[in-house]
Amino acid sequence: MSVVNNLLASESMKKNINSLILILLMTGTQVLGQSFSFKVKYGVIHAGAAKLIHTVENGILNSSLHIESSPWLSNLWSLSDSIRSTYDIETGRLLNHTKAVHEGSYHRNYEVVFSDSNKVAVNGIGRVLETSEVKDLPSLLFDLSTTRFKHGDTLRYHLWDGKGLGVLNLLVEKSPGAKLFKPFAEKGWRLTPLNSTKKSRENQIKLAMQMSDSFPHKPLRIEIDTKYGNIIMRLESP
């Protein structure tokens, strides 16, 4: 335990902490698997379901996130979005990212490959990034699960989505849980962005996440508020 305490005392060794936690979680096996199922609401309507799967093998994180509309909603407006990616935990680098977007009549597919020289190829077209330490939403959620939060902290990430890279600054706030006027509030950590991108401002998108108080943290709730409506992903079995 003294080794763990020494690691936790140094902010500069967060990557070592994450690696140590993974070793402890794997308890002697080579593969760590996690699966989270969410109910998806669009406004007050139950719109569908989502599933997040993480598998770690030999220091490489394989992730998939899939959101699917309910059968009744698919008759009116179909939704089938997915992200699949691999991520190097030790170096903090995204290796590849595949995103498929199918929303009504809108369809887009992105095949993204990253190199260790800050280069990326999107559907075969290359460009240079400002950093090689890039995450996408699934790998970000995994990283947050092994992060020791403190109330008032800010966390900074370079986040990839589909074909673009943005900077995400998150404010960490402690959520005390149920109160008299909030009987269903969940105890844990609330993460809200401090910045916005041109795309988010144009589309009026706001993102917030609720992570469990337990450690490693679980993604209890993901909120996406757009000009078209409010989407909430709530963990089915926290």
Side-chain angles (χ1 to χ4, degrees), residues 8 14 17-18 21-22 24-26 32-56 61-70 73 79 81-85 87 89 135-157 159 161 168-196 200 205-226 229-238:
L8 293 176
K14 284 184 178 179
I17 297 170
N18 291 348
I21 291 168
L22 288 173
L24 294 174
L25 285 172
M26 284 187 271
L32 164 68
Q34 293 178 314
S35 178
F36 303 102
S37 296
F38 301 88
K39 291 182 178 178
V40 178
K41 290 182 67 176
Y42 187 81
V44 296
I45 301 172
H46 176 60
K51 191 157 192 175
L52 172 66
I53 299 174
H54 288 143
T55 303
V56 177
L61 170 69
N62 293 279
S63 299
S64 67
L65 173 63
H66 188 73
I67 304 173
E68 191 83 30
S69 55
S70 298
L73 183 60
L79 167 66
D81 292 353
S82 65
I83 298 174
R84 297 182 182 275
S85 63
Y87 172 81
I89 296 169
K135 295 174 175 57
D136 60 1
L137 180 57
S139 54
L140 171 65
L141 290 170
F142 182 85
D143 186 83
L144 290 172
S145 73
T146 59
T147 298
R148 293 285 186 179
F149 300 130
K150 291 183 181 179
H151 181 77
D153 277 357
T154 58
L155 307 173
R156 181 181 174 87
Y157 300 95
L159 194 66
D161 182 38
L168 178 65
N169 293 310
L170 292 171
L171 173 65
V172 179
E173 296 177 290
K174 182 70 172 179
S175 177
K179 291 183 178 180
L180 179 62
F181 298 105
K182 294 183 177 180
F184 302 108
E186 298 155 323
K187 183 178 180 181
W189 298 92
R190 186 166 177 82
L191 311 176
T192 53
L194 292 173
N195 62 316
S196 62
S200 68
I205 297 173
K206 297 179 182 178
L207 172 69
M209 289 175 282
Q210 183 90 9
M211 307 297 289
S212 70
D213 189 50
S214 59
F215 190 84
H217 308 293
K218 295 180 181 179
L220 298 179
R221 181 183 174 103
I222 302 171
E223 304 172 27
I224 306 172
D225 188 13
T226 76
N230 188 38
I231 298 173
I232 300 174
M233 293 170 52
R234 184 186 291 274
L235 188 64
E236 284 190 321
S237 300

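Formation of a donor-acceptor pair under 3.5 Å by the H54 side chain with backbone atoms of P138 is found in this model.
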Going through the distances and angles, do L141 and I222 end up as a side-chain contact (heavy atoms from CB on, under 4.5 Å)? CA-CA 10 Å; L141 290 170; I222 302 171; 4.0 Å; yes
Would you sort out whether M233 and I67 count as a side-chain contact (heavy atoms from CB on, under 4.5 Å), showing the intermediate values? CA-CA 10 Å; M233 293 170 52; I67 304 173; 4.1 Å; yes
Please walk me through it: do I89 and L61 pass side-chain contact (heavy atoms from CB on, under 4.5 Å)? CA-CA 7 Å; I89 296 169; L61 170 69; 4.2 Å; yes
Stepwise, does the side-chain contact (heavy atoms from CB on, under 4.5 Å) test hold for I231 with V40? CA-CA 7 Å; I231 298 173; V40 178; 4.0 Å; yes
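With contacts defined as side-chain heavy-atom distances shorter than 4.5 Å, the pair H46/S70 qualifies. Two residues are said to be in side-chain contact when any heavy atoms from C-beta on lie closer than 4.5 Å; Q34 and F142 meet this criterion.
Annotation: side chain to side chain donor-acceptor pair (under 3.5 Å) contacts of D81 (sequence neighbours excluded): none. Not counting sequence neighbours, S145 has no partner by the side chain to side chain donor-acceptor pair (under 3.5 Å) test. Here R190 pairs with E223 under the side chain to side chain donor-acceptor pair (under 3.5 Å) rule; sequence neighbours left out. Every side chain to side chain donor-acceptor pair (under 3.5 Å) that S212 has, sequence neighbours left out, goes to S214. F149 pairs by the ring pair (Phe, Tyr, Trp, His ring centres under 6.0 Å) definition with W189, H217, not counting sequence neighbours. In terms of the salt bridge (charged side-chain N to carboxylate O under 4.0 Å, His left out) criterion, E68 has no residue partners (sequence neighbours excluded). Scored by the salt bridge (charged side-chain N to carboxylate O under 4.0 Å, His left out) test, K51 finds no partners at all (sequence neighbours excluded).
Annotation: the span from K135 atom NZ to Y87 atom OH amounts to 3.0 Å, rounded to 0.5 Å. Rounding to the nearest 0.5 angstrom, the gap separating the CD atom in E173 from the CD atom in Q210 is 10.0 Å. For the atom pair CG of L170 and CG of L194, the computed distance is 7.5 Å after rounding to the nearest 0.5 Å. Rounding to the nearest 0.5 angstrom, the gap separating the CG atom in L52 from the OG atom in S64 is 7.0 Å.
L168 approaches P193 most closely through the heavy-atom pair CD1-CB, 3.9 Å. Annotation for L137 and L159: closest pair N-CD1, 4.0 Å, computed over non-hydrogen atoms. Of all the heavy atoms in L171 and G152, the pair that sits closest is CD1-O, 4.1 Å. Taking each heavy atom of F38 and L235 in turn, the nearest pair found is CD2-N, 3.5 Å.
For the side-chain contact (heavy atoms from CB on, under 4.5 Å) with M211, the qualifying choice from L220, L144, V172 is L144, the only one to do so.
Counted within 6.0 Å of NZ on K174, heavy atoms from surrounding residues, nucleotides or ligands total more than 12; the atom is thus considered enclosed.
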